[in-house]
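Presented below is the structure to which this report refers.
What you see is a predicted model, and the numbers here were worked out from it, not measured in a lab.
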Amino acid sequence: MVTPMIFFFGQGNTHDDIHYFSALSPEKGQNFLVKENIHLPIFENCWYAPVVSGPCNGLLCLHDAGKIALWNPSTREFKILPQSSVQRPPSVDSSSFDCLGFGFDSTTDDYKVVRFVTNYFEENLDEGLLADWNHQVELYSLKTDSWKEISVPEAHPYGSPLFNNYINGFYYWQATGDSDYLILSFDIANEKFSTLPLPEFGGTLAHYYLQLLDFNGSLGAIVYPREGTEKSFDLWVMNGSWTKQFSIESVPGVERPLRFCKNGELFLEGSNHELVLFDPATRELKNLIIDAYQITMQLIAYVESLVPINGRLEHEERIVRQPAVGASNRY
């Protein structure tokens, strides 16, 4: 069995700090070692680190604002996606690029990126026009290396996922409907949207965070309170309907979950933005002595692959891997 690495994506404290990832060993008894920092020049002028979607068969999709890239860290192949050829409506003043999904179409052996765009129209009182906006959805195919426009769903997604939301051919987002919150899904092969209800967890999103995730191949949702540094975490799993899988009660000094381990342990961001590991069986909370950075940090389990992406090698994109020094901790 191939042991996955854990990639730790983040950014330093200032705009000038590099965006980086660290490879961490997930096996108990081994060192959690920051092996190297990787500078990604395409994102160096972005205020935050790029959001990472995936992995999907060993590929990662990195995106920030209008910049999108596919990356295979195993083969060190990196592909910056072309600008979209989708036409914007006339009289658009500006456009923003919102939520994004990335996944694999097994029916055509293709990797696809779906992206939501918001177009803003400038107010023109002389012509009786008020400031307004509309939405478009565009889809990129790696096989054709091109974009096309697809239908806009009735629900609109929001937020940046902490976990991998690609599960068995579908990508999932939290979304808003006409009058409520729900889950929006996208079938990568059929290129169709549909919706699911949120779990009825006994609270409201005004008081609780909810994050979607892949839990052992099923859609899961982890729910935890917004306030306080002693948090409880409820995990819900969708198997035809939502059922509560388990609860982790009263973990002190933590902010948010980052990743479940196969053995049931949970990576968390500590109150001082450090990376910690919680063992529900012993209730032991261990500081891994690796600084985290609020909002910009993700933990991603990654298994090596040889999937080609028709890109360029890292050094051709000025990507630099630098060995890290003195950033390790033992369990």
Side-chain angles (χ1 to χ4, degrees), residues 7 9 19 21 40 42-43 46 48-75 77-88 95-119 135-153 155-175 183-194 212-214 298 300 302 305 307-312 317 319:
F7 280 174
F9 283 82
H19 306 302
F21 85 82
L40 304 171
I42 181 179
F43 299 108
C46 301
Y48 294 111
V51 176
V52 182
S53 296
C56 177
N57 298 336
L59 303 184
L60 301 174
C61 180
L62 286 65
H63 49 100
D64 183 275
K67 299 177 180 178
I68 308 175
L70 300 181
W71 187 22
N72 186 332
S74 304
T75 62
E77 194 178 5
F78 195 88
K79 181 179 179 64
I80 300 172
L81 300 197
Q83 293 293 317
S84 173
S85 58
V86 173
Q87 294 295 309
R88 304 293 170 228
S95 298
S96 68
F97 300 99
D98 307 321
C99 292
L100 180 147
F102 170 60
F104 178 61
D105 179 352
S106 60
T107 64
T108 59
D109 193 30
D110 194 10
Y111 292 86
K112 297 177 180 178
V113 175
V114 57
R115 179 171 67 176
F116 291 79
V117 182
T118 301
N119 300 306
H135 300 296
Q136 290 179 287
V137 182
E138 48 194 25
L139 187 75
Y140 170 82
S141 160
L142 179 62
K143 179 169 282 190
T144 64
D145 194 29
S146 63
W147 293 88
K148 68 178 181 180
E149 187 170 6
I150 61 175
S151 299
V152 177
H156 192 72
Y158 66 90
S160 296
L162 287 176
F163 299 88
N164 186 6
N165 287 1
Y166 170 72
I167 307 165
N168 295 329
F170 288 80
Y171 198 92
Y172 297 90
W173 302 266
Q174 292 183 73
I183 295 169
L184 178 66
S185 70
F186 181 70
D187 186 325
I188 299 292
N190 294 330
E191 301 177 1
K192 301 294 184 183
F193 291 99
S194 58
L212 303 176
L213 71 156
D214 178 351
Q298 292 177 265
I300 296 171
Y302 177 82
S305 90
V307 173
I309 55 176
N310 302 318
R312 306 207 303 171
E317 297 292 350
I319 295 171

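With sequence neighbours excluded, the residues satisfying side-chain contact (heavy atoms from CB on, under 4.5 Å) with S194 are S185. For the ring-ring contact (aromatic ring centres under 6.0 Å, His included) test, residues two or more places apart in sequence or in another chain that qualify with Y171 are W173. With sequence neighbours left out, the salt bridge (charged side-chain N to carboxylate O under 4.0 Å, His left out) criterion links E77 to no other residue. Among residues two or more places apart in sequence or in another chain, the side-chain contact (heavy atoms from CB on, under 4.5 Å) test is passed with R312 by E316, E317. Checked against ring-ring contact (aromatic ring centres under 6.0 Å, His included), F104 has the following partners two or more places apart in sequence or in another chain: Y111. The ring-ring contact (aromatic ring centres under 6.0 Å, His included) search around F186 returns F193, not counting sequence neighbours. The ring-ring contact (aromatic ring centres under 6.0 Å, His included) test applied to Y140 returns W147, not counting sequence neighbours. Among residues two or more places apart in sequence or in another chain, the salt bridge (charged side-chain N to carboxylate O under 4.0 Å, His left out) test is passed with D145 by K79. Checked against salt bridge (charged side-chain N to carboxylate O under 4.0 Å, His left out), E191 has the following partners two or more places apart in sequence or in another chain: K112, K148. Under the rule for a side-chain hydrogen bond (donor to acceptor under 3.5 Å, both in side chains), S106 has no partner lying at least two apart in sequence or in another chain. For D214, the side-chain contact (heavy atoms from CB on, under 4.5 Å) partners two or more places apart in sequence, or in a different chain, are I167. With sequence neighbours left out, T118 forms a side-chain hydrogen bond (donor to acceptor under 3.5 Å, both in side chains) with D98, H135.
Atom-to-atom distance recorded for I183:CD1 and N165:CG is 9.5 Å, nearest 0.5 angstrom. Between atom OG of residue S53 and atom CG of residue L62 there is a gap of 8.5 Å, rounded to the nearest 0.5 Å. Atom CD1 in I188 sits 7.5 Å away from atom CG in L139 (nearest 0.5 Å). Taking CG of N164 as the reference point, atom CG of L213 lies at 9.5 Å (rounded to 0.5 Å).
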- Message: Set out, in order, the CA-CA distance, both residues' side-chain angles and the distance that settles side-chain contact (heavy atoms from CB on, under 4.5 Å) for S151 and V137, then state yes or no.
- Response: CA-CA 7 Å; S151 299; V137 182; over 6 Å; no

- Before giving the answer on salt bridge (charged side-chain N to carboxylate O under 4.0 Å, His left out), spell out for R88 and E149 the whole-Å C-alpha distance, their side-chain angles and the decisive distance to 0.1 Å. CA-CA 10 Å; R88 304 293 170 228; E149 187 170 6; over 6 Å; no

- Given the rule in the side-chain contact (heavy atoms from CB on, under 4.5 Å) test, do D64 and V51 qualify, once you have shown the distances and angles that lead to the verdict? CA-CA 6 Å; D64 183 275; V51 176; 5.9 Å; no

- Steps toward side-chain contact (heavy atoms from CB on, under 4.5 Å) verdict (F102, L70): CA-CA 10 Å; F102 170 60; L70 300 181; 3.7 Å; yes

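Across all non-hydrogen atoms, the minimal contact from F163 to L212 is CB-O, 3.4 Å. In plain terms, the two heavy atoms of L60 and P73 that are nearest each other are CD1-CG, 3.9 Å. Scanning all heavy atoms of the two residues, the minimum distance from V52 to I300 falls at CG1-CD1, 3.3 Å. Contact detail for S141 and D110: the closest heavy-atom pair is OG-OD2, 2.6 Å. Counting all heavy atoms, side chain and backbone alike, V117 lies closest to S95 at CG1-CB, 4.1 Å. In plain terms, the two heavy atoms of L184 and A155 that are nearest each other are CD2-O, 4.0 Å.
No side-chain heavy atom of C99 sits less than 4.5 Å from a side-chain heavy atom of R115. With contacts defined as side-chain heavy-atom distances shorter than 4.5 Å, the pair P161/Y166 does not qualify. Using a 4.5 Å heavy-atom threshold, the side chains of V114 and I150 count as touching. Proximity of L59 to W71: side-chain heavy atoms (C-beta onward) are nowhere separated by under 4.5 Å. The side-chain heavy atoms of T75 and P308, taken from C-beta on, include no pair separated by under 4.5 Å.
For K192, the NZ atom counts as loosely surrounded, since its 6.0 Å shell holds 12 or fewer non-hydrogen atoms of other residues, nucleotides or ligands.
Counted by atom type alone, N57 and S305 present zero donor-acceptor pairs between their side chains at under 3.5 Å.
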